[in-house]
**Student:** 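First the structure, then my questions, so here it is.
Naming: A, B, ... by sequence-line order, numbering from 1 per chain.
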Amino acid sequence: MTKNLVIVESPAKAKTIEGFLGKDFTVKSCFGHVMDLSKKDLGVDIGNGFVPKYIISPEKKKVVTELKKLAKDAEKIWLASDEDREGEAIAAHLVDALDLEEQRTHRIVFHEITKPAILEAIGNPRSIDQNLVMAQQARRVLDRLVGFELSPLLWKKIRPSLSAGRVQSVAVRLIVEREEEIRNFEVSSAFRVVGLFPVKSGKKSVMMAAELNRRFNTREEALDFLQRSGGARFTVEDTETKPTRKSPAPPFTTSTLQQEASRKLGFSVANTMRVAQELYESGKITYMRTDSVNLSGLALNMAKKEITGTFGEEYVKIRNYTTRTKGAQEAHEAIRPTYLSNRTIEGDRSHKRLYELIWKRTIASQMADAEMEKTTVTIGISGAEEKFIARGEVIRFDGFLKVYMESTDDTEGEEGEKALPPIRTGEQLSLGEMTAEQRFTQQPPRYTEATLVKKLEELGIGRPSTFAPTISTIQKRGYVVKEDREGTLRPYLVITLKEGRIAEETRTEKTGFEKSKLFPTDIGTLVNNFLLQHFENIMDYNFTAMVEEEFDEIAEGKLVWNKMIREFYDPFHDQITGTLEGTRKVSGEKVIGTDPKTGERVLVKIGRYGPMVQIGEGEGGEKPRFAALKKGQSIDTITLEEAMELFKLPRNLGQHDGGDVVVATGRFGPYVKHGSAFYSLAKTDDPLEISLERAVEIILLKEKEEKGKIIREFAEEPGLRVLNGKYGAYISFNKQNFRIPKGKKAEELTLEDCRKIVSENEPTKSAKGKRKK
DNA sequence: CAGTGAGCGAGCTTCCGCTTGACTT
């Protein structure tokens, strides 16, 4: 029996706090929300003031039973869920689910997990803020209404199992619209002129690079300028030196951690969160789902000590950062190492790397500004208006740069500027070399997972706990794919002036190369355009910000929650019924040309199984012909020529081992068929180009791989085999799988053993079987 | 796991935000 029961959200937090509080306190975790709207139906009684139908979440029943038992015997119950809208609702749901009486129940909050903060919280309990709870309820009900009315509309009008929601649909919109911008982008080019001037620096002679303050639009203008420069004199007209400073970035939040881990370590958003979760659970870092840039007083003291000890006192500058993120709730600290004296940790490579990133960012945030000196040299050209400008930078005091430099998203950033050689106004310079290089304007960048999170956060859409799941949802639904794209080679012109002679040369560079970027799929584009056409309000980038304002008013007691919902819902529901009755099924169908052979119309659309091309429409008794689009192709951009190519499959490549080898494209992409067996092609194989030799190679490789999987097989019973799978050995019997009992060695199983296991055990459920149930 | 693209109908899918394990072939 315990005197005091404290309930927090996270089990790792519970463990830490228990250590602060002594033997009269038992600290338990409720693992987040314990109640939610029923999932069987809408879960909201629309006709009756939107009364929510809350149930104890099925996966939380066990926790609730256990907490209820502990609460029954406790003198006091302290609800210590997070201090934000969701946390307040969790506390209210706990009161409900555990049948807590008011006089025994206290609500406490703290922003940092330190002993003084906890003790202060215990000393200042309050009651549950019902206004805040109602604000959460409004948020929850709104999301349910939007999600559970829009999604079924998509099932009817586009395809089953699709989904839409306040957050995910806007995330998809960002990606679709960025792709449109890229498609409509018109590349232009201009000539950038750089002069190299030999200058004495001590005893050595170095080349000083300076860029012309004007770019030329055409080759002729650039050529003309270089010709005129052949006999020109170059004079230093001005040198200017200015001190500048650079400040460190604030400590990590969830979103900035995801961005930097992506840029610096190449981690996906999901991977970053998995590793961070493990660091948190092992006590190495503070909580990883936060929107706060605040550090506790304890952390600041540790930082001061660590920086002083390692770099010296002049490197310390304690700073208070304030968040600028829309809708931030700041229930936690920023993400930081628990102990700043640990510069590194034991563990595998990804844990070490992420930890060190967090350490550096935290430490740097409390360090002095870097102090620089920027020098600008202006060089005049006799007989020309234009000037050459050389820029240099010297670091006078490195400050935080000793530890950490934030990276930027654009890859084509300026190279780090170096110091300029000593130079005086009035000095005459000779020209070493001058080049005019054709440069192209850059299309807008595609989103990565991390830059999409950044954009969502800027718009105030989504929360630290949902960024990673949202990114994975829009990929799982097939709205968006994360892919690499091969670049193409692009020629560009370089004109050089050296020793009075002009030379022209064409070089090539790679352009359009993409790595792990988000691309919209055809279905993603179709769903987006459909929603945009009929639900512009929900798809508005400001929709979340606008409803958040109303949630705030509810939290302040200025607005009644179900009145707000009523005002949203009535027109929204009219939109739903209007669209349901007023539109037909959409498939994105459009004609892209006519078949040069038959003159039939060729059209593209999204069919039952995805994007496809169709020749003819079944008029005049002719059956239409169909072909699925290849990966990376889109009904928006495919040309007639590319579409006709797709009808060259299936191809018969020839004979192997007494059977035809046929290549075609199926449900799961391109494959080779030999006899009754199918073999998938590798990503690098093109089904239209592949040779018989390569196809046979694929067949033999797969056969070899299959053999490697077999641990045991029995001549008497061909359907029964012991196989080696991803999760270890298992028994396969007529397409059903069985676990091998503990203590038995797979290699030593006899036919009798296997038959016994099969007859006495239930087969394991496959993911498919589960879904059917 | 595989080469489809008629139409019908039963039964299913779906949201956002809090939290971690259980489980997989």
**Student:** In whole Å, I'd like the distance from the NZ atom of A:Lys39 to the C1' atom of B:dC12.
**Tutor:**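 My rounded result for the distance is 12 Å.
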**Student:** Have A:Tyr569 and A:Glu149 got a donor and an acceptor in their side chains that come within less than 3.5 Å?
**Tutor:** yes
**Student:** Choosing from B:dA2, B:dG21, B:dC18, which nucleotide comes nearest the side chain of A:Tyr287?
**Tutor:** B:dC18
**Student:** Between B:dG21, B:dT13, B:dG17, which nucleotide has the shortest distance from any of its atoms to the side chain of A:Ser161?
**Tutor:** B:dT13
**Student:** Answer yes or no for this row: A:Phe148 ring on B:dT14 base, centroids under 5.5 Å, planes under 30°.
**Tutor:**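 Whether judged by distance or by angle, A:Phe148 passes, so it stacks on the base of B:dT14.
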**Student:** Regarding A:Arg144 and the six-membered ring of A:Phe148, is the cationic atom NZ or CZ under 6.0 Å from the ring centre and inside 45° of its axis?
**Tutor:** yes
**Student:** Can you tell which of B:dT14, B:dC18, B:dG17 lies closest to the side chain of A:Ser151?
**Tutor:** B:dT14
**Student:** Nearest-Å distance, CD (A:Gln277) to P (B:dT20)?
**Tutor:**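 One finds 5 Å between P of B:dT20 and CD of A:Gln277, rounded.
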**Student:** Could you tell me how far apart A:Arg477 (CZ) and B:dC15 (C1') are, to the nearest whole angstrom?
**Tutor:** 10 Å
**Student:** Tell me whether the rings of A:His93 and A:His33 are parallel (<30°), tilted (30 to 60°) or perpendicular (>60°).
**Tutor:**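 Tilted, since the angle between the ring planes falls between 30° and 60°.
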**Student:** For A:Pro650 and A:Phe31, take the nucleotide of DNA chain B holding the closest heavy atom to each; which residue's nucleotide lies nearer the 5' end?
**Tutor:** A:Pro650
**Student:** Tell me whether the NZ or CZ atom of A:Arg166 lies within the 45° cone about the ring axis of A:Phe543 and under 6.0 Å from its centre.
**Tutor:** no
**Student:** Mind checking the CZ-CZ spacing from A:Arg139 to A:Phe551? Nearest 0.5 Å is all I need.
**Tutor:** 7.5 Å
**Student:** Nearest-Å distance, CH2 (A:Trp155) to C1' (B:dG11)?
**Tutor:** 11 Å
**Student:** Nearest to the A:Glu281 side chain among B:dT13, B:dT14, B:dT20, which nucleotide is it?
**Tutor:**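 When the side chain of A:Glu281 is considered, B:dT20 is the closest of B:dT13, B:dT14, B:dT20.
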**Student:** Would you mind reading off the distance between A:Lys156 atom NZ and B:dT13 atom P, rounded to a whole angstrom?
**Tutor:**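 The answer, rounded to whole Å, is 14 Å.
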**Student:** Using only modelled atom types and a 3.5 angstrom limit, is any donor from either the side chain of A:Arg140 or the base of B:dC15 paired with an acceptor on the other?
**Tutor:** yes
**Student:** Just the rounded figure in Å: distance from P of B:dC18 to CD of A:Gln329.
**Tutor:**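 Distance check: A:Gln329 CD to B:dC18 P gives 7 Å.
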**Student:** Can you measure A:Phe626 atom CZ to B:dT4 atom P for me and round it to whole angstrom units?
**Tutor:** 10 Å
**Student:** Short of 4.0 Å, heavy atom to strand atom, which residues of residues 461-473 of chain A count as contacting DNA chain B?
**Tutor:**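 Listed by number, they are A:Gly462, A:Arg463, A:Ser465, A:Thr466, A:Thr473.
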**Student:** Using a 6.0 Å cut-off, check whether atom NZ of A:Lys631 has over 12 heavy atoms from anything other than its own residue.
**Tutor:** no
**Student:** Select one nucleotide: of B:dC18, B:dT20, B:dC16, the one nearest the side-chain heavy atoms of A:Asp143.
**Tutor:** B:dC16
**Student:** Please state how far atom CD in A:Glu548 lies from atom P in B:dC16, giving the value in whole angstrom units.
**Tutor:**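 Atom-to-atom, A:Glu548 to B:dC16, this comes out as 14 Å.
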